[in-house]
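Encoded as structure tokens, the structure appears first; notes follow it.
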Amino acid sequence: MRDSTIEELKTIPSWLLSSKKRPRGAGRSSMQERTFGNRRLIFREGSPCLGLYIVKVGQAKLVQTRHDKEQLLAIVGAGDPLDLVPFLDNGPHACSALARGKVTLYFVESSTARDLIWNTPPLLSAVLHTVSARLRTLAMLASDLAFKDVTARICRILLDQAQHEGTRQADGIHVKRTLSQQEFASLAGTVREVAWRSLKKLEEEGIVRIERTEITLLDLERLAAMA
Amino acid sequence: MNVTIEDLRSIFLFAEFDDTELALVREMITARDYTPRTIIFAQGEPSPGLWFVRRGRVRLYRMAPSGREFTLCIARLDRLPCMGACPLFDGDKCPANAQALDDTTIYFIDRQRALDIAADHAGMVTLFARVLANHSRYLMQLSSGLALRCSSSRLIDLLLTYADERGRVTAQGVELDLGVSQQLLASMLGATSQMIAHDFLRLERAGVIDAQGKRIVILSLERLKGMA
């Protein structure tokens, strides 16, 4: 690998950890940009890992699929890497990735990325920390799927959204409806009809108010008790 | 308790360590014995380090506020033997409880000492990476299985996995010992004991298995696969 590439890509560690930072012209010679249209497959679970993808602009979904059904594991945005697991064990992709809307990704070919990760301690550390954080989220997701009914899982998703992207107003916390009904259902580990029924039930009980572009969490206490 | 280099090498995660690294790890390891049902560490408590299962089985499980338990995995020498990987990096609390299922021997390494070794020895970093990768792959499969498959399909998958790992071919079919109670099995499959009992009954009535407590005979592997 060329020295200039290494130097340029060494900007990635802080960038991996903070979505606010962009690489300063990182590795133009080795880093390509690839753009995918909405719902286009970026890579498939079980396929050989061809390279490291990091979101430049837009969002991607990490999913697992079984018999055409999709379980959403995470939505990743600018600055986030997609599947890192193959760089730790040389295995195939652990999940599939799909574009969520139009997404532009940085791409570094697999052997270059692997060399770089394993020869740049701060980058390796960033990768290990990122995978570790995702592992913790996966443990929570698995137990939520096992313990909780759909309504409880939906309450949990709404509370998470309120915490990360909600705005407090006089009548409650307003959360933009950035997920499609299908994505919302997939995140809750259910189908669209069941997720929608549960959401409407919460509205009937005066816990949330559903509008076209946002959901208002009117009774946080009850929502938290049900989550 | 003396830990030998060979003891360490028997844990596959250490298989690629050179003798110098193994000697270093041996100096830092404390071997601890636990009797069945002993809690090794608890969900929500600070994690002091990494645990490796040398002998016996350890159940990693999460507990809901209602008291219901969900078994994330059963750690043993040949499968997911390392515990404590999450808190190793983020310094946060243990995401799960760990309970010995058998008479168990655990090798323990203090968190800071593990990180110190990793700073100078690539073998330890490779080990961390493999542990994180193994657990990530396992939990992704587990999550999608829970979301996208019903309890009977998950039970069939588990029976097929066990048949492959530990099944014994007999005149009747493939015989296996589940090694866990039906309650624990239900906790592993994210179901209730009643649901699992119902699933077993359905498979028995279909003539696909013969269940006698923890001893199961799979009468037709092909038919069982077809029902998954």
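Numbered from 1 within each chain, the chains take letters A, B, ... in sequence-line order. No hydrogens, no waters, no symmetry mates; every other heavy atom, side chains included, goes into these values.
Heavy atoms closer than 4.5 Å to chain A are found in the side chain of B:Leu72, but not in its backbone. Heavy atoms of A:Ala139 lying under 4.5 Å from chain B belong to its backbone as well as its side chain. Heavy atoms closer than 4.5 Å to chain B are found in both the backbone and the side chain of A:Arg136. Residue contact with chain B, scored on non-hydrogen atoms closer than 4.5 Å, involves the side chain of A:Glu45 exclusively. With a 4.5 Å cut-off on non-hydrogen atoms, A:Leu135 touches chain B through its backbone and its side chain both. Only the side chain of A:Leu124 comes within contact range of chain B, with at least one heavy atom under 4.5 Å from a heavy atom of that chain. Proximity to chain A involves both the backbone and the side chain of B:Gln141, based on heavy atoms less than 4.5 angstrom apart. Neither the backbone nor the side chain of B:Ser187 comes within contact range of chain A; no heavy atoms are under 4.5 Å apart.
Here the OG-CG distance, from B:Ser143 to A:Asp144, works out to 9.5 Å after rounding to the nearest 0.5 Å. Atom CG in A:Leu88 sits 9.0 Å away from atom CZ in B:Arg137 (nearest 0.5 Å). The distance from atom CG of B:Leu148 to atom OG1 of A:Thr190, rounded to the nearest 0.5 Å, is 10.0 Å. The structure places CE of B:Met140 at 7.5 Å from CZ of A:Arg134, a figure rounded to the nearest 0.5 Å.
The shortest non-hydrogen separation linking B:Gly190 to A:Ala146 is CA-CB, 3.8 Å. B:Ala129 approaches A:Trp118 most closely through the heavy-atom pair CB-CH2, 3.6 Å. Between B:Ala147 and A:Gln71, the shortest heavy-atom contact is CB-OE1, 2.9 Å. In this structure, A:Phe147 and B:Ala64 approach most closely via the heavy-atom pair CZ-N, 3.5 Å.
The environment of A:Glu205 atom CD is dense: over 12 non-hydrogen atoms of other residues, nucleotides or ligands sit within 6.0 angstrom. Around the CD atom of B:Glu165, the shell of radius 6.0 Å holds more than 12 heavy atoms that belong to other residues, nucleotides or ligands. Annotation: B:Gln183, atom CD; neighbour count of heavy atoms from other residues, nucleotides and ligands within 6.0 Å does not exceed 12. The environment of CZ in A:Arg177 is crowded: more than 12 heavy-atom neighbours from other residues, nucleotides or ligands sit within 6.0 Å. In the displayed structure, B:Arg166 atom CZ is contacted under 6.0 Å by more than 12 heavy atoms of other residues, nucleotides or ligands.
With chain A as partner, the option from B:Ala118, B:Ser136, B:Ala96, B:Ser151 having the largest number of non-hydrogen pairs under 4.5 angstrom is B:Ser136. Top candidate by heavy-atom pairs under 4.5 Å with chain B, chosen from A:Ser143, A:Gly189, A:Pro121, is A:Ser143. Comparing B:Val131, B:Thr126, B:Leu139 by heavy-atom pairs within less than 4.5 Å of chain A, the highest count is held by B:Leu139. Considering only heavy-atom pairs separated by less than 4.5 Å from chain A, the leading option among B:Val125, B:Leu189, B:Leu60, B:Leu142 is B:Val125. Comparing B:Arg130, B:Lys93, B:Arg149 by how many heavy-atom pairs each has under 4.5 Å with chain A, the most go to B:Lys93.
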